[in-house]
Number of protein chains: 2
Amino acid sequence: MALEHAILVSLLEKPGSGYELARRFERSIGYFWTATHQQIYRVLGRMEGAGLLHVREVPQRGRPDKKEYAVAARGRAALTAWLHEPIEPESVRHELAVKIRGAAFDDPAALISEVERHRKAHDDRLGRYLTGELRDFTGPEAPRPLDAGGELQHAVLRGGIAYERMTIAWLDDVLDTLHRLRTATPRT
Amino acid sequence: MALEHAILVSLLEKPGSGYELARRFERSIGYFWTATHQQIYRVLGRMEGAGLLHVREVPQRGRPDKKEYAVAARGRAALTAWLHEPIEPESVRHELAVKIRGAAFDDPAALISEVERHRKAHDDRLGRYLTGELRDFTGPEAPRPLDAGGELQHAVLRGGIAYERMTIAWLDDVLDTLHRLRTATPRT
DNA sequence: TAGCACATGTAAGGGGTTACATGATTGC
DNA sequence: GCAATCATGTAACCCCTTACATGTGCTA
């Protein structure tokens with residue numbers, strides 16, 4: 001159900017089309033939730049049917065027409081209700097960790113390049129987050145003082161930054177372990 | 001598909017029944033993957049049908065009989081093949097972050113108790129991880145030197161510990177932000 | 001003329017959650 | 001007598017991923 005709520009939050013921050021939402025989910029919303037355009041279109045249709053959203057057809061020149069969605073009163077009420085319900089603390093799902101533990105039954109050294117690839121992907125993502133932080137929150141172009149929405153967006157982004165830094169440090173630790181296993185304990 | 005691989009890793013570490021697997025997924029495997037018993041039984045049935053696992057009926061006194069699963073040659077081959085395939089670096093899914101950003105459209109202060117509850121849940125989990133680390137890897141009872149499997153399990157656990165510590169620090173940051181918003185920028 | 005950005009969808013299949021269902025033994 | 005632990009499952013439903021499908025206009 002969280003995709004619905006993420007869409008409500010994003011459309012409250014700024015109305016937009018399914019296509020635009022898909023791009024936001026690749027960027028800022030992506031700090032905490034991901035979704036593909038296929039999923040988004042389906043859920044938008046369902047939410048409109050349930051009266052949570054308004055649609056407005058926007059004709060465009062030189063581009064296909066788009067449907068601009070905005071949150072209806074009922075959608076806002078649904079979000080408020082959800083905000084007041086407790087949710088369960090989530091646990092992680094980390095496929096790479098399954099591989100790391102599985103490496104004991106194969107060649108641990110063979111995992112090194114895969115872990116390095118992941119490390120690089122997280123490092124790139126960290127770079128994008130830091131650039132965004134400077135642009136939107138801490139740089140000279142950023143609005144000051146920030147309103148409540150901005151403060152909360154920044155707090156969530158700081159979470160994304162902390163997550164990427166932690167992950168990079170952990171992957172360095174894993175690489176260290178894999179290198180030590182290669183030199184110290186050759187497999188039988 | 002990762003549940004299958006997590007089950008293969010766990011059964012290679014030690015064969016066991018669906019029930020036992022479900023308990024491991026609440027504990028050690030839970031550092032990086034979760035699954036309920038319903039899911040596990042369904043997947044075990046499918047994997048046995050595909051010849052990835054052997055089953056052995058174990059009669060027990062005073063307890064229901066159990067089916068003990070072990071990895072078959074074909075299962076081991078499937079794991080090896082998967083270990084050599086690259087996987088996509090994952091992104092986070094964090095429902096609480098959706099709520100934090102959504103709080104801008106409600107009362108941010110109303111989220112404080114929810115965030116505190118999550119902080120406590122992560123703190124408890126950190127405590128369990130640290131206890132487990134002492135018992136299995138760093139305490140006087142731990143086998144020394146560790147074999148490759150032990151080193152890799154420990155590396156994954158260190159990742160779980162780092163994740164919980166990072167999350168707790170971030171939630172403290174969020175709580176700070178929510179308190180500041182309460183005193184500094186009352187909503188209109 | 002090839003590729004990218006814009007724009008919206010359908011269909012199939014597998015993954016995951018929640019609710020329902022049963023039944024024995026052990027400990028309080 | 002009641003709750004917890006051990007033990008295994010089915011059914012319904014929604015979520016998510018992957019592949020397929022279409023079409024315009026701009027730019028290199």
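Reminder, nothing fancy here: chain letters follow the sequence lines and each chain counts from 1.
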Would you kindly give the CG-to-C1' distance between B:L44 and C:dG16, to the nearest whole Å?
-> 15 Å
Can you check whether B:Y41 has a side-chain N or O nearer than 4.0 Å to OP1 or OP2 of D:dT8?
-> yes
Decide whether A:F137 and A:I161 are clustered together by the hydrophobic rule: side chain heavy atoms of Ile, Leu, Val, Met, Phe, Trp, Tyr closer than 4.5 Å, transitively.
-> yes
Starting at atom CZ of A:R42, determine the distance to atom C1' of D:dC15, rounded to an integer number of angstrom.
-> 7 Å
A:H5 vs A:W82 aromatic rings, parallel, tilted or perpendicular, using cut-offs 30° and 60°?
-> parallel
When the distance from CD of A:E26 to P of D:dT17 is rounded to whole Å, what number comes out?
-> 13 Å
Could you check B:D65 against A:L3 and say which one's nearest nucleotide on DNA chain D is further toward the 5' end?
-> B:D65
When you look for runs of 3 or more Watson-Crick or G-U pairs in a row, both distances below 3.5 Å, which of them include DNA chain D?
-> C:1-28 with D:1-28
Counting just side-chain N and O atoms, does B:Q39 come under 4.0 Å of either OP1 or OP2 of C:dG15?
-> no
Salt bridge present between B:E20 and B:K14 (N-O < 4.0 angstrom) = no
Kindly say whether, by distance alone, the side chain of B:R46 makes a donor-acceptor pair under 3.5 Å with the base of C:dG15?
-> no
Give a yes/no on whether any side-chain N or O of B:Y19 is located under 4.0 angstrom from OP1 or OP2 of D:dC6.
-> yes
Between A:H122 and A:W170, does the ring centre distance come in under 6.0 Å?
-> no
Specify the separation, in whole Å, of atom CD of A:E90 and atom P of C:dT17.
-> 11 Å
Closest to side chain of B:Q38, choosing from D:dT18, C:dT8, D:dT10 | D:dT10
Atom-to-atom span, CG of B:L21 to P of D:dC6 - whole angstrom | 14 Å
Any side-chain N or O of A:R93 less than 4.0 Å from the OP1 or OP2 oxygen of C:dG16?
-> yes
In Å, rounded to the nearest 0.5 Å, how long is the span from CG of A:D123 to CD1 of A:I168?
-> 4.5 Å
Would you find more than 12 non-hydrogen atoms of other residues, nucleotides or ligands less than 6.0 Å from A:R27 atom CZ?
-> no
Counting only side-chain N and O atoms of B:S17, is one of them less than 4.0 Å from OP1 or OP2 of D:dT8?
-> yes
Starting at CD of B:E4 and ending at P of C:dG14, how long is that distance when rounded to a whole Å?
-> 11 Å
Linking I/L/V/M/F/W/Y whenever their side-chain heavy atoms sit closer than 4.5 Å, directly or via other members, would A:L171 and A:Y163 fall into one cluster?
-> no
Sorted by position of nearest nucleotide on DNA chain D, 5' first, the leading residue of A:W33 and A:H37 is A:W33
Once you round it to whole Å, what is the distance between P of D:dT18 and CD1 of A:I40?
-> 15 Å
A:Y69 OH to C:dA7 P: how many Å, rounded?
-> 14 Å
